[in-house]
Each structure stands twice: as C-alpha cells, then as structure tokens.
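See below for the structure under consideration.
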Amino acid sequence: MESWIIAIFFIGYFCITTEHQIRVDKTISALAMAVICWTILKVSNIDVMHIMNGELFPVSSTPEGNATAIDVALQHNLAETAEILFFLIGAMTIVEVIDMHRGFEIIKRIIRTKSKVKLLWIIGLIAFFLSAIIDNLTTTIILITIIRKLIPDQKERIWYASLIVIAANAGGAWSPIGDVTTTMLWVKNKVSAAKLVEYVLIPSTICLIVPLLIASFLPVFRGQLNAGNDQEGITYKSSTPVLVIGIIAIIFVPIFKSITHLPPYMGMLFALATMWFVGEKLKPKELNEEDEDKFGIHRALSRIEFSSILFFLGILLAVASLQTIGTLFNFAQTLNTAIPSKNVVVLLLGFASAVIDNVPLVAASMGMFQEGLDNGIWHFIAYSAGTGGSLLIIGSAAGVVAMGMEKISFFWYAKNILWMALLGFVLGYLTLVAFEAMHMFG
C-alpha cells in the first residue's frame with residue numbers, strides 16, 4: 001500500500017502545480033492529499049519506520065503497536081507543522097498591522113530618483129533586505145504596489161517586478177524569517193540563525209548583484225522616469241512608530257530564541273502581542289468611530305491569507321506521511337548512490353524548485369538527509385530552494401504573485417529574465433561551495 005500513498009502524493013502534487021489549468025485551488029488539493037495519505041497509512045496499518053545507524057527499522061513488531069505508532073507519528077508531525085503555522089500567522093499579522101497604519105508609505109518616501117538604473121538598484125536592495133526581515137511574498141506585494149505609482153508604463157514595470165522577485169527570493173534565503181523554507185529549517189533545528197546568515201548572505205548577495213549588474217546595461221533601464229515620482233501616499237502620526245516597532249519586534253524573534261531556548265513561534269507570538277498592544281494604543285485620533293474599526297487587530301487577522309496557511313498544513317502533513325513510511329529516506333539513499341556528491345543533489349533540488357513549490361521540496365529534503373544542526377547540506381538547501389525559484393516566474397510564491405499583479409507572461413519571463421537569474425544562481429552556489437570548503441579545511 002506504500003505505492004498508493006506515493007501515487008496519491010504525486011496526483012495531488014500534479015493538481016497543485018496545474019491549479020490554474022484544472023481550476024481547483026491548490027489548498028483543496030493539498031488538504032485532500034494529506035488526509036488521503038494518512039487515511040491509507042492508518043487503515044492499511046503500514047509499518048512506521050525509524051532510522052537507526054543509517055538504516056530503516058519498523059517502530060513496532062506487532063500490528064497493535066504499529067497502529068499506536070501511526071497515531072503518535074501523526075500527532076508528532078502535526079505539532080511540528082503547527083509550530084511553523086503559528087510562526088507564519090504571527091508574522092503575517094504583524095505585517096498587516098504595519099500596513100493598516102500606512103507604515104510602508106514611509107518606505108516610498110525613501111525612493112526619490114528619476115533615474116531608471118538608480119531606481120532599479122534602490123528597489124532591488126530594499127527588496128533584498130526587507131524580505132529578510134518580513135518575507136519575500138509580502139515584500140514583493142509591497143514593492144510592486146510602490147513601483148505602480150512610480151512607473152506608469154506596464155511594459156517597463158514588468159522588468160522591475162521581475163527583478164523584485166529575484167531580489168526578494170535572494171533576500172529571503174539567508175534569513176531564518178525571510179522565507180517559509182528557511183523558517184522550516186530554523187524551526188526544526190536544522191540551521192541556526194547566526195550560521196545561516198554567515199554562510200548564505202554573501203552567496204545570496206551575488207545571486208542578486210549579478211542580475212542587477214546585467215540589467216543595468218539593458219536598454220529598458222536607460223534614461224529617466226516619465227512621471228509619478230512625486231506622488232506620496234497618506235500617512236499618520238502612528239506610521240513611523242508602528243513601522244519601526246514592528247520591524248524591531250520581528251528582528252527580536254531570533255534573539256528571543258537564543259536567550260530563552262524556546263521555539264521560534266513563541267518569540268513570534270510575543271512579538272505579535274507587542275504589536276497588538278502598540279497598534280491599539282497608537283490608533284490615529286483624528287478618525288471617526290467607523291474608521292477606527294479599520295485599525296483593530298481583528299481587521300488585520302481577517303486580511304491574512306489563511307488559504308496559504310492551510311496549504312502549508314496540507315503539504316507538510318502529506319510529506320510527513322512519506323517520511324513516516326521511510327519513502328523519503330529510501331529516495332535519498334537512491335540519489336546518493338546514483339550521485340555520490342550531495343552538493344550536486346542539492347543543486348538539482350534548486351533547479352527543481354523553479355518548477356516545484358519549494359515548501360514540499362524542503363520538507364522532503366528534511367526527510368532525505370539526517371545531518372545535524374548547521375551541517376553544510378542545510379545551507380545548500382536553504383540557498384538552492386530559496387533562490388532557485390527565481391529561475392521561472394512560477395517557481396516561487398513571490399513570482400506567482402508578481403505574475404498575477406503585473407500580468408507577466410511565463411514565456412516572456414523565461415526569454416528575458418531566466419538567463420540573468422540562472423547566472424546569478426549558479427555563481428552564488430559556487431560561492432557557497434567555496435565557503436563550505438574553506439570551513440571544512442580551514
């Protein structure tokens with residue numbers, strides 16, 4: 001019956017990747033896939049496997065013991081998944097509170113240039129560092145909203161939007177709170193925040209700088225902007241304080257973990273409580289009662305994309321079912337036999353993330369490899385899964401949202417952006433290989 005679980009997983013994943021063609025939301029496919037996989041596992045009483053000395057062994061030798069082991073495995077994986085989901089809910093709510101107070105309008109005022117090339121670098125660098133603090137998806141939405149006011153021509157704007165995707169993905173790869181995949185690795189103690197930044201920051205920077213340098217010489221980025229640069233949005237007295245406090249609260253999360261040794265989601269929930277308090281106390285006083293309701297935390301919670309949260313729940317539990325029966329470990333052994341270099345295996349995972357969602361890829365890799373905290377393999381995975389999604393417009397959540405907001409064609413992106421993203425990705429990966437080699441032999 002193991003083959004049925006594998007088949008259901010691939011069918012469900014096919015439905016996820018073709019959601020626009022079959023017109024079925026990917027969250028439906030992910031949730032159904034997870035439930036069906038675990039139902040087959042439970043009804044068929046398939047052996048729960050654990051790894052010992054590099055080999056797989058059944059947890060129990062009796063059907064009754066194995067049935068109990070399945071329940072324990074489901075509860076364990078649900079608890080681990082819930083840690084990630086609560087972390088994301090807290091982070092997304094904080095971002096929404098900042099947005100309600102028009103805090104991101106402050107960032108718009110930083111951009112005061114009419115040079116196309118200068119705007120490209122400003123937007124790229126803001127995306128790179130902002131995505132490391134919040135996340136690449138939210139960063140992409142914010143910055144595309146900003147450039148819409150700066151660049152009226154949609155044909156020009158899609159170039160900026162595409163490079164925002166590259167910058168946001170690169171920025172999210174070196175931060176434990178910048179991307180769902182790095183958060184997963186951090187929450188499950190595969191990487192520490194300090195070592196992730198130490199090893200992946202410079203490769204991610206190269207992954208960004210190379211496309212920006214190339215783009216600077218393209219005709220579309222020559223000359224001056226036509227109009228729109230003097231427009232400013234409405235701000236409140238609370239805009240700057242809420243923005244600053246929100247960013248500090250999110251940055252404090254890894255510090256909280258290192259001090260208390262509690263899971264990261266506890267730090268994020270504390271940050272959320274802080275922002276909840278600040279947001280309530282700093283409501284603009286000049287508003288009437290109806291407008292004040294728009295600044296409540298309940299409004300922020302209602303703006304969170306809970307469909308994305310449920311998608312992560314479904315996909316992570318589905319991958320956990322494959323890990324429970326030992327499929328991922330066997331796949332890893334097969335890959336390691338066929339391709340002795342783990343660096344090459346992870347590089348292939350990076351290319352795969354351009355087509356396949358990086359969340360299940362990273363979830364699968366955590367079942368494939370058993371190395372300890374801050375082993376080099378996890379740095380490679382964080383970099384490859386985070387930046388490899390930039391190779392195609394459908395390869396990352398940031399790319400998909402940019403595709404929807406600016407109507408970017410899949411084939412236009414592949415023709416004009418792919419080669420720049422690929423060159424940056426490969427050079428950044430080679431830099432990471434060099435860093436790990438220096439650490440190993442240093």
Side-chain angles (χ1 to χ4, degrees), residues 1-49 56 66-67 70-71 73-74 76-78 80-82 84-85 180-181 184 305-335 338 345 348-369 381 384-385 388-389 391-397 399-401 403-404 410:
M1 295 299 290
E2 291 92 339
S3 58
W4 279 101
I5 294 180
I6 297 171
I8 292 297
F9 181 84
F10 279 105
I11 292 171
Y13 202 84
F14 175 78
C15 292
I16 290 171
T17 56
T18 59
E19 65 168 331
H20 297 295
Q21 287 76 20
I22 64 176
R23 296 183 180 180
V24 175
D25 191 281
K26 65 180 180 181
T27 302
I28 299 173
S29 302
L31 291 174
M33 174 175 59
V35 173
I36 294 172
C37 285
W38 279 98
T39 300
I40 295 174
L41 201 162
K42 178 67 175 179
V43 172
S44 303
N45 203 20
I46 301 172
D47 287 342
V48 174
M49 309 298 288
L56 284 176
N66 190 68
I70 292 173
D71 294 335
L74 178 57
H76 172 74
N77 285 293
L78 178 61
E80 288 193 338
T81 301
I84 297 173
L85 299 186
V180 175
T181 53
M184 290 164 58
E305 292 188 13
F306 275 100
S307 62
S308 297
I309 299 295
L310 292 174
F311 168 72
F312 295 140
L313 171 64
I315 199 71
L316 291 173
L317 286 181
V319 171
S321 69
L322 297 180
Q323 184 175 346
T324 300
I325 62 178
T327 299
L328 296 181
F329 180 80
N330 289 331
F331 179 66
Q333 294 295 88
T334 303
L335 272 182
V345 173
L348 293 176
L349 290 177
F351 287 119
S353 69
V355 180
I356 302 173
D357 192 279
N358 55 5
V359 172
L361 269 181
V362 172
S365 70
M366 288 190 287
M368 290 165 56
F369 303 107
I381 289 172
S384 295
L391 300 180
L392 296 176
I393 192 65
I394 62 169
S396 65
V400 171
V401 74
M403 185 182 189
F410 174 89

Steps toward side-chain contact (heavy atoms from CB on, under 4.5 Å) verdict (I315, M33): CA-CA 8 Å; I315 199 71; M33 174 175 59; 3.5 Å; yes
Check step by step if side-chain contact (heavy atoms from CB on, under 4.5 Å) holds for V35 and L31. CA-CA 6 Å; V35 173; L31 291 174; 5.5 Å; no
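- Between T324 atom OG1 and E2 atom CD the span is 12.0 Å, to the nearest 0.5 Å.
- The environment of CZ in F306 is crowded: more than 12 heavy-atom neighbours from other residues, nucleotides or ligands sit within 6.0 Å.
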Working for side-chain contact (heavy atoms from CB on, under 4.5 Å), residues W4 and I46: CA-CA 11 Å; W4 279 101; I46 301 172; over 6 Å; no
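- Side-chain contact between L313 and L310: present, with at least one pair of heavy atoms (C-beta onward) separated by less than 4.5 Å.
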Evaluation steps, side-chain contact (heavy atoms from CB on, under 4.5 Å), between T27 and I309: CA-CA 9 Å; T27 302; I309 299 295; over 6 Å; no
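- The minimum heavy-atom distance between I8 and C37, with the atom names listed, is CG2-SG, 3.8 Å.
- Taken from OG in S3 to CD1 in I40, the straight-line distance is 9.0 Å, to the nearest 0.5 Å.
- Between the CD1 atom in I28 and the CZ atom in F311 there is a gap of 12.5 Å [rounded to 0.5 Å].
- Considering CG of L322 and CZ of F10, their distance stands at 8.0 Å, rounded to 0.5 Å.
- When side chains are defined from C-beta on, L74 does not count as touching K42, because their heavy atoms never get closer than 4.5 Å.
- Nearest heavy atom pair, residue I70 against residue W38, reads O-CZ3, 4.0 Å.
- Pairing each heavy atom of F312 with each of L85, the nearest pair is CB-CD2, 3.8 Å.
- Applying the side-chain contact (heavy atoms from CB on, under 4.5 Å) test between L316 and each of V362, T81, N77 identifies T81 as the sole match.
- Nearest heavy-atom pair across L41 and S321 is CD1-O, 4.0 Å.
- Taking all atoms of both residues into account, the shortest heavy-atom contact from S29 to G12 is CB-O, 3.9 Å.
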